[in-house]
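What's counted below: heavy atoms across the whole structure, side chains too, no hydrogens, waters or symmetry copies. All ligand and atom numbering here is 1-based and tracks the order in the structure.
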Amino acid sequence: MMISRRRFVVAGSAAIAGSLAMPRYLHAVPRGTFTPVRRNVGLYTDRGGTIGWLASADALVMVDSQFPDTVVPCRDGLRERSDHRLDRLINTHHHGDHTGGNAALAGEAVHIVAHRNVPDLQRAAAERSGGGEPTTADLTFEEHWEEEIGDEIVRLRYFGPAHTGGDAIVQFERADVVHMGDLVFNRIPPYIDVPGGASTEGWITVLEKAHETFSDSTVFVFGHGNPAFGVTGSRADLLVMRDFLSALIEHVRAGLGDGLAVDDIASIDRLPAFPDHFNPDRPTGLQGAIRAVHADLTRNP
Ligand SMILES: [Zn+2]
């Protein structure tokens, strides 16, 4: 299976890196790449959030749509794997790097599905950024949605505010593959969208619920990842993300307790206990996350 192979490659290269001083980020997630995961389910990586897909003779589902320019080559590549109509486009949440390609698929997707808060969050974000009217889901759900599509069962769950106020967890039950959207930033500091309904403490609860819901054999797909760790993982990685969020909260609380200003609390690029959590593409990511947690913890009700 590709996951264990990739792990092997990462472990092997780490050993080599020690002796030959190989570049640190050897395993950058390749752009424009289709990666089968299990049983007709796979992922596509380019710019923006990881796209998930189910492509078989009797079903075609896409999870997230990145951007207008990257979703087109993804759609074209999927056509080579399935000539079925596009049954569903699922949005894991409202962010533009996950929904920006919606318009390009709207003409052919039978339905666009998302948590019920997502269309309003998309519109509010578009208004704040001066963007035009976004293409939003026409089917929404509150806590749970499921559908048999081809020979797969697709389930969406909402466990409460976390990365945003409308994060869906997408399960392909028979493949035992789960797309977490941006509920997991794999070993990089997360974006925490406080104006978009995020809750850092809620996020911790959501990851624990997801950990209970799935199993050690489940393969998880993550919205974003550190190039050295990739965008897939196991149930244990959910708890790594949880622990990182806990450490973030602890760091901000300690700074507040010491009477520090937010600029001082945010003047680090790594949390001491999490040296791997660093994004070479966004070196100030931790500062942004700290500022968001600060805003989250100190906001006026
Ligand atoms: Zn996001």
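- Residues Y191 and H95 place their aromatic rings such that the two centres sit under 6.0 Å apart.
- Counting all heavy atoms, side chain and backbone alike, S56 lies closest to S82 at O-OG, 2.8 Å.
- Note on the Zn ion (ligand 1): protein N/O/S atoms under 2.8 Å are H93 NE2, H95 ND1, H163 NE2, D182 OD2.
- The main-chain N or O of T164 is found under 3.5 Å from a side-chain atom of D167 such that the two form a donor-acceptor pair.
- Remark: the Q171 side chain and the R157 side chain contain an N/O donor-acceptor pair separated by less than 3.5 Å.
- Under the side chain to side chain donor-acceptor pair (under 3.5 Å) rule, N91 has a single partner from N102, T99, T140, which is N102.
- Of the N and O atoms on the side chains of H224 and D182, at least one donor lies less than 3.5 Å from an acceptor on the other residue.
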